[in-house]
Amino acid sequence: MIRYQLLIEYVGTNFRGWQIQKKGSTIQGFIQEKLSKLLKQKIILNGSGRTDTGVHAIEQSAHFDCQNEIADLIKFLKTINHFLNDQGVAIKKIKKKSNRFHARFSAKQRIYKYIIFNQISAPVIEKNRGWHVRKPLDLDLIKKGANKLVGTYDYSTFRSASCHAKSPIKTIKSVKIKSSKNRIEIEFNSQSFLQQQVRSMVGCLKYLGEKKWDLKQFDKVFKLKKRVLCAPPAPPEGLFLVRVIY
């Protein structure tokens, strides 16, 4: 068997997330079906991790095993994208890899970013590509709150009730925030995240930016490790998987 890595871009709006579900269309299921038809064999696609319903990817990573070597990777890329692009999915790159490579377990870092449009009018061109927040946000407070999230901690406050991770302890290497006009981007870097962790953290940072909470309250909610105290998670349409580093 020959292993190939795919780098995938997708708009998650019309899919029920990455992972195959009993009902509804998913990114994994959609690509897997097209690969199986094109390669004339049953293909199992393994992703670097799940993205929830409505979440997008700039560069998701996945791998599959194939019985025979793909002779022309450029031709293959053009052909598979012909069947994917209409649904907002694109394979950006395909690489032959060692069988020791695993899209999920070989990953050393995952980078996500969250986009907020902090303005009165709802975005039109970038609809479903960010969270529209009308109330002015205090960027300095958000940055101070984000700094408290960096390090190795128990992130139970930000963990979804349906999360199956063995431990709530994770290490966030960095949280970077930049803004231009009314657009705020928050970038999170960690080896792995809990289910809904990023969206939950952004929801709490938004409360801080709106001054519903002060820094003392934000810190208290984080340290008490109780999900019930968490602010409502940010909506999925603002979240992007940016890159997986190996």
Side-chain angles (χ1 to χ4, degrees), residues 1-97 101-104 106-107 110-117 122-132 183 185 187 198-199 234-246:
M1 299 291 277
I2 300 167
R3 183 158 295 182
Y4 290 95
Q5 179 194 15
L6 300 179
L7 299 180
I8 309 162
E9 180 180 11
Y10 54 82
V11 175
T13 306
N14 296 321
F15 290 92
R16 294 194 65 187
W18 167 266
Q19 191 171 30
I20 291 175
Q21 309 285 332
K22 290 181 179 179
K23 293 182 180 179
S25 181
T26 66
I27 307 290
Q28 181 188 26
F30 177 56
I31 299 175
Q32 199 168 274
E33 177 193 354
K34 301 304 179 186
L35 285 172
S36 297
K37 286 182 179 178
L38 184 60
L39 295 169
K40 296 180 173 59
Q41 59 184 279
K42 184 178 180 181
I43 296 296
I44 303 297
L45 188 63
N46 297 276
S48 69
R50 306 175 185 181
T51 54
D52 292 337
T53 300
V55 174
H56 317 296
I58 295 170
E59 194 175 277
Q60 167 72 288
S61 173
H63 79 264
F64 68 91
D65 293 329
C66 186
Q67 290 174 2
N68 302 306
E69 186 170 359
I70 299 170
D72 188 336
L73 293 180
I74 299 298
K75 182 181 178 182
F76 175 84
L77 211 55
K78 290 177 180 177
T79 304
I80 191 67
N81 278 322
H82 172 76
F83 297 106
L84 300 177
N85 290 172
D86 284 351
Q87 299 300 314
V89 179
I91 308 299
K92 298 168 71 174
K93 193 173 288 186
I94 179 169
K95 301 176 183 178
K96 189 177 176 181
K97 303 292 283 189
F101 172 82
H102 194 286
R104 179 182 174 190
S106 301
R110 291 170 173 84
I111 300 172
Y112 281 86
K113 74 175 176 182
Y114 198 93
I115 295 176
I116 297 173
F117 298 112
V124 177
I125 291 175
E126 294 188 279
K127 184 180 179 181
N128 294 325
R129 304 292 188 277
W131 187 9
H132 177 219
R183 179 189 177 104
E185 290 190 11
E187 184 182 277
V198 173
R199 289 169 52 203
E237 61 264 24
L239 185 58
F240 295 75
L241 172 56
V242 175
R243 189 181 173 200
V244 183
I245 300 172
Y246 295 97

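Counting from 1, the numbers follow the sequence of the chain as shown.
Side chain of R16 to main chain of Q21: no donor-acceptor pair is present (N/O by atom type, distance under 3.5 Å, no hydrogens or angles). H63 places no side-chain N or O within 3.5 Å of a backbone atom of H102 that could act as its donor or acceptor partner. E59 places no side-chain N or O within donor-acceptor distance of the main-chain N or O of L7, the cut-off being under 3.5 Å. Judged by distance alone, with hydrogens and angles left aside, the side-chain atoms of Y4 form no donor-acceptor pair with the main-chain N or O of E69 at under 3.5 Å. R183 places no side-chain N or O within donor-acceptor distance of the main-chain N or O of G130, the cut-off being under 3.5 Å. In this structure a side-chain-to-backbone donor-acceptor pair under 3.5 Å is present from Q60 to G49.
A 4.5 Å side-chain heavy-atom check between Y114 and P235 finds at least one atom pair inside the cut-off. In this structure, N128 and V11 have side chains that are not in contact, with every pair of non-hydrogen atoms separated by 4.5 Å or more. Looking only at side-chain heavy atoms (C-beta outward), M1 and Q67 come within less than 4.5 Å of each other.
Here the closest non-hydrogen pair linking R199 and L239 is CG-CD2, 3.8 Å. When every heavy atom of A62 is checked against every heavy atom of A103, the shortest pair comes out as CA-CB, 3.7 Å. Closest approach of A57 to I8, counting heavy atoms only: CB-O, 4.1 Å. In terms of heavy-atom proximity, T79 sits nearest to F83 at O-CD1, 3.2 Å. The heavy-atom pair separating I58 from V242 by the smallest distance is CB-O, 4.0 Å. Here the closest heavy-atom approach between residue L35 and residue F76 is recorded as CD2-CZ, 3.6 Å.
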Should L241 and W18 be marked as a side chain to side chain contact (heavy atoms under 4.5 Å, CB included) after you check the CA-CA gap, both sets of side-chain angles, and the distance that decides it?
CA-CA 11 Å; L241 172 56; W18 167 266; over 6 Å; no
Run the side chain to side chain contact (heavy atoms under 4.5 Å, CB included) check on Y246 and Q5 step by step: do they pass?
CA-CA 12 Å; Y246 295 97; Q5 179 194 15; 3.6 Å; yes
Are F64 and Q32 close enough, and set up right, to give a side chain to side chain contact (heavy atoms under 4.5 Å, CB included), and what steps lead you there?
CA-CA 9 Å; F64 68 91; Q32 199 168 274; over 6 Å; no
With side chain to side chain contact (heavy atoms under 4.5 Å, CB included) as the test, would you mind laying out the steps for V89 and K34 before giving the verdict?
CA-CA 12 Å; V89 179; K34 301 304 179 186; over 6 Å; no
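Aromatic ring orientation, H56 versus F240: tilted (interplanar angle from 30° to 60°).
Distance check: S61 OG to R110 CZ gives 9.0 Å after rounding to the nearest 0.5 Å. The CG atom of L84 lies 9.5 Å from the CG atom of L77; values are rounded to the nearest 0.5 Å. Rounding to the nearest 0.5 Å places CD1 of I44 at 4.5 Å from NZ of K42. Residue Q87 holds its CD atom at 10.0 Å from CG of N85, rounded to the nearest 0.5 Å. Atom-to-atom distance recorded for I31:CD1 and S36:OG is 11.5 Å, nearest 0.5 angstrom. K93 NZ to L73 CG: the interatomic distance, rounded to the nearest 0.5 Å, is 12.0 Å.
With hydrogens and angles left out, the side-chain atoms of T26 and Q19 include no donor and acceptor closer than 3.5 Å. Using a 3.5 Å distance cut-off with no hydrogens or angles, the side chains of T13 and E237 do not pair a donor with an acceptor.
Under a cut-off of 6.0 angstrom, the local environment of NZ in K78 is sparse, with at most 12 non-hydrogen atoms contributed by other residues, nucleotides or ligands. Within a 6.0 Å sphere centred on CZ of R129, other residues, nucleotides and ligands contribute more than 12 heavy atoms. Residue R104 places its CZ atom among 12 or fewer non-hydrogen atoms of other residues, nucleotides or ligands, all under 6.0 Å distant.
Between L45 and the options L6, D65, I27, a side-chain contact (heavy atoms from CB on, under 4.5 Å) holds for only L6.
Taking the six-membered ring wherever Trp is involved, the centroid distance between the rings of Y10 and F30 does not fall below 6.0 Å.
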